[in-house]
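Down below is the structure, laid out as structure tokens.
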Amino acid sequence: MQALRYWDYYDITDTFTDLYDKASHQKSFSYLFDVITSRENILLAYRTIKSNKGSKTPGTDGKTITDIAKLSDNDLVREIQNKLENYRPKKVRRKWIEKANGKWRPLGIPCILDRIIQQSFKQVLEPIAEAQFYKHSYGFRPLRSAHHAMARIQYLINQAHFHFVVDIDIKGFFDHINHALLIKQLWNMGIKDRKVLACISKMLKAEIDGEGIPTEGAPQGGLLSTLLSNIVLNDLDQWIAGQWEFFPLSKSYQSNFGERYAKKRSKLKEGYLVRYADDFKILCNDGKTAQKWYHAVRLYLKERLKLDISPEKSQIVNLRKRESEFLGFTIRADKKGNKRVAHTGIKVDKRRKIKEEAKKHIRRIKASPSTLNALLFNSFVSGIHHYFKRATHVNPEFSRLAYDLQAFIYNRLKQVGKYEHPSNPPPTYKKLYSLGFKTFKIANVYLFPIADVRTVNTMNFSPKLIPYTKDGREQIHQKLRPDIQQEVGYLMKSTIPNRSVEYLDNRISRYSMKMGKCEITGIDLSAHEVHCHHYIPLHLGGTDKFHNLRILHKEVHKLIHCTDKEMIDVLINRLDINKKMVDKVNKYREKCELERI
């Protein structure tokens, strides 16, 4: 997990672990503002934002991550710290994106500096919230995914034989979050730093360009909104779990009857929640219990969270007779032998959307049969295969899709490509796809066949996979060598005058990626031996971007720029440079417009 490496770079892993541990023991926090505004946390937020594609999307001030990258790390930290002393977020840019059902979803895009601030808050609040979240909430949480939510549903259908589903759709959830209630929920979670709560309140009330100041809701597009939405619905999670799953029974009851049997003898509503963001289901074993859950949840949302449900989209489904929909999949409980098992497929409107996207890619290839367009098509196909191959009926679903698209693809590509069984395709193709399917070869790239996909078993989420505990990190983190981690720490603390935050950040990334080795000699480098060279020098148009930096031994760096012939000989002998290394040095020197050696 890349985020864990970032934590190590900035020596902040122990801080997050401590926050998680204290929150697990229901402790409160009144000192969070200092943690949020710490140098390490702000620089970590910058690094995280920089690696996000959205960082190149401008806010209302027109600035992107490129503008921030020009600042030195000290200037960036100072600017954010000063801004937070009397925080006033800039106007939020409104953008509309089309949903799968043809309707439009409003996004709120904060300015880039406000996004870094939101990320700084999220990094510190997340471990506190994660320690208290319900285990079967899967949306927008570390290491959890839609596939884990589907695995849980399949388990409840196949193993617990729960065939009734309560589908609840919250009407305009993100647009109707109650601000006062959310601040109270944060307080109840132990977040009792008033400066932090005041800043979050201002984020929620940031003016939306052209629309004014919102009185409710958390704009989708803000980096903090997904965490805040989970905090809002965590109350619902805990209440539902407390009605059955976590309902406390006396020890005598448990010992006399067994816990589940004892609960069944009571008037409790048996049901299990599976939630992904604001999309959730409660699975039950009979229709009467499902009816009770439907009305109880509707009332709880209205009275406690000030949220309404959508009656036309909320329903009770008997999976033996009808299918339910969840996260782009369809779900049924079909007969198999003398029992019922979960059968999952692809939603009708999702299939339609996939067809439309496939046709767009094919038209683009016909207009310009380039390597890039062929690779973009392959990326699209591998993406939908990766997501939907957890469906039990994925093969017939995609076979049908391929059949429906076959004539369209053939008629448009027959003049620009060759239709054949792949001969000597690249290793990636052979690893993912069978050579038994005919496909088009475009610009020496074989298009991935849409029909060639097989079901992969969904795996339940392991609760031990937690990035905020030492044991969890040991399972999920391919650690850097301990000595590399230590040297990264030294590099983090070193200062280089007049260097941009982009340069300093990419220097760490490059050193880590090269496992602390010189890129010409291959020798291991300690922090005091490291020099970071611009492959194309700044004065010749080079930049501080990652691809233009090289990690070198300081003496090798001196050799690249040296013009004194005697010193060049001394350096070559001292470094024991061979011919192959000299060739590399000369390539670097050519980029610097210096004579070869």
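Heavy-atom basis, side chains included; hydrogens, waters and symmetry copies ignored. Quick note: residue numbers are just sequence positions, from 1. This one's a predicted model, so the numbers in the text were calculated from it and none came from an experiment.
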Exam field: side chain N444 to backbone T371, donor-acceptor pair closer than 3.5 Å: no
ring-ring contact (aromatic ring centres under 6.0 Å, His included) with Y588: which residues, sequence neighbours excluded? H533, Y535
Looking at Y387, Y276, F388, which hits ring-ring contact (aromatic ring centres under 6.0 Å, His included) with H147? Y387
Test of understanding: with side-chain contact (heavy atoms from CB on, under 4.5 Å), list the residues that count as partners of S509, not counting sequence neighbours. R47, F546
Is there side-chain contact between I354 and F380, with heavy atoms separated by less than 4.5 Å? yes
Quick one: list whatever passes ring-ring contact (aromatic ring centres under 6.0 Å, His included) with F16, sequence neighbours left out. W7
Any non-hydrogen side-chain atom of L76 less than 4.5 Å from a side-chain atom of L113? yes
Scan for salt bridge (Lys or Arg N to Asp or Glu O under 4.0 Å) pairs involving residues 537-553, sequence neighbours excluded, and state none if there are none. E502-K545
Would you say the side chain of F33 lies within less than 4.5 Å of the side chain of V124, judging by non-hydrogen atoms? no
Checking H553 now: which residues fulfil ring-ring contact (aromatic ring centres under 6.0 Å, His included) with it, not counting sequence neighbours? none
With rounding to the nearest 0.5 Å, note down the distance linking CZ in F140 to OG in S145. 12.0 Å
Does the side chain of D279 pick up a donor-acceptor pair with the side chain of Y138 at under 3.5 Å? no
Would you say NZ of K95 has more than 12 non-hydrogen atoms from neighbouring residues, nucleotides or ligands within 6.0 angstrom? no
Please report the closest heavy-atom contact between G139 and N230, naming both atoms and the distance. O-ND2, 2.9 Å
Does K56 NZ have over 12 foreign heavy atoms under 6.0 Å away? no
Closest approach of V556 and C518, non-hydrogen atoms and distance? CG2-SG, 4.2 Å
Give a yes or no on whether the backbone of I551 and the side-chain of H531 come within a donor-acceptor separation of less than 3.5 Å. no
Taking the side chain as every heavy atom from C-beta outward, state whether I572 and I597 have any atom pair closer than 4.5 Å. yes
Would you say NZ of K389 has more than 12 non-hydrogen atoms from neighbouring residues, nucleotides or ligands within 6.0 angstrom? yes
Can any side-chain N or O of S512 pair as donor or acceptor with the backbone N or O of I508 at less than 3.5 Å? no
How about L233 and S137: do any of their side-chain heavy atoms sit closer than 4.5 Å? no
Tell me every residue that passes ring-ring contact (aromatic ring centres under 6.0 Å, His included) with Y433, counting only those two or more places apart in sequence or in another chain. H385, Y429, F448
Taking side chain as C-beta onward, heavy atoms only, is I191 less than 4.5 Å from I200? no
Between N373 and R363 (side chain of the first, backbone of the second, donor and acceptor by atom type, cut-off under 3.5 Å), is there such a pair? no
Counting neighbours of CZ on R194 that are heavy atoms of other residues, nucleotides or ligands and sit closer than 6.0 Å, is the number greater than 12? no
Is there side-chain contact between I523 and E529, with heavy atoms separated by less than 4.5 Å? no
Inter-residue atom distance K63.NZ - R115.CZ, 0.5 Å rounding: 12.5 Å
Could you check whether Q119 and Q123, counting side-chain N and O atoms only, form a donor-acceptor pair closer than 3.5 Å? yes
Are any side-chain N or O atoms of D209 and backbone N or O atoms of K91, one a donor and one an acceptor, separated by less than 3.5 Å? no
Side chain to side chain contact (heavy atoms under 4.5 Å, CB included) assessment of H534 paired with K591: CA-CA 10 Å; H534 288 86; K591 294 293 181 182; over 6 Å; no
Checking side-chain polar atoms at under 3.5 Å, does D75 have a donor or acceptor matched by the opposite partner on S72? yes
Around atom CD of E566, are there more than 12 heavy atoms of other residues, nucleotides or ligands at under 6.0 Å? no
Salt bridge between D583 and K580, side-chain N to carboxylate O under 4.0 Å? no
Closest non-hydrogen atom pair, N234 against M189: ND2-CE, 3.7 Å
Calculate, to the nearest 0.5 Å, the distance between atoms CD1 and NZ belonging to I560 and K584 respectively. 11.0 Å
Residues K50 and N506: side-chain donor-acceptor under 3.5 angstrom: yes
Check against side-chain hydrogen bond (donor to acceptor under 3.5 Å, both in side chains), Y503 and N548: CA-CA 10 Å; Y503 171 85; N548 193 46; over 6 Å; no
Check whether any side-chain N or O of H361 sits under 3.5 Å from a backbone N or O of A358 as a donor-acceptor pair, and report yes or no. no
Please determine whether a side-chain nitrogen of the Lys or Arg among K587 and E590 lies less than 4.0 Å from a carboxylate oxygen of the Asp or Glu. no
Evaluation steps, side chain to side chain contact (heavy atoms under 4.5 Å, CB included), between T57 and R93: CA-CA 10 Å; T57 304; R93 180 181 153 212; 3.5 Å; yes
Is the side chain of S368 donor-acceptor paired with the backbone N or O of I365 at a distance under 3.5 Å, no angle test? no
Does the side chain of E126 reach to within under 4.5 Å of the side chain of P142, using non-hydrogen atoms? yes
So, Q220 side chain and L107 main chain: donor-acceptor pair closer than 3.5 Å or not? no
Of the non-hydrogen atoms in H179 and E216, which two are nearest, and what is the gap between them? NE2-C, 3.3 Å
Decide side chain to side chain contact (heavy atoms under 4.5 Å, CB included) for I49 and L223; before the verdict, give the C-alpha distance in whole Å, the side-chain angles of both, and the deciding distance to 0.1 Å. CA-CA 9 Å; I49 293 288; L223 292 164; 2.9 Å; yes
Determine, step by step, whether K22 and D18 satisfy the salt bridge (charged side-chain N to carboxylate O under 4.0 Å, His left out) criterion, reporting the C-alpha distance in whole Å, the side-chain angles of both residues, the deciding distance to 0.1 Å, and the verdict. CA-CA 6 Å; K22 287 180 177 175; D18 186 54; 3.3 Å; yes
Do D193 side-chain atoms and L32 backbone N/O form a donor-acceptor pair below 3.5 Å? yes
Just wondering, more than 12 heavy atoms not from D21 lying within 6.0 Å of its CG? yes
Is the number of heavy atoms from other residues, nucleotides or ligands under 6.0 Å of K202 NZ greater than 12? yes
For K83, does the NZ atom sit with more than 12 other heavy atoms under 6.0 Å from it, leaving out its own atoms? yes
Derivation and outcome, side chain to side chain contact (heavy atoms under 4.5 Å, CB included), residues L204 and L228: CA-CA 10 Å; L204 293 169; L228 295 179; 4.0 Å; yes
Donor-acceptor pair, side chain of D114 and main chain of K90, under 3.5 angstrom: yes
When rounded to the nearest 0.5 angstrom, what is the spacing between OG1 in T543 and CG in L538? 8.0 Å
When rounded to the nearest 0.5 Å, the distance separating CG of L559 from CG of D569 is 10.0 Å
Starting at CD of Q81, measure out to CD1 of I117 and round the result to the nearest 0.5 Å. 11.0 Å
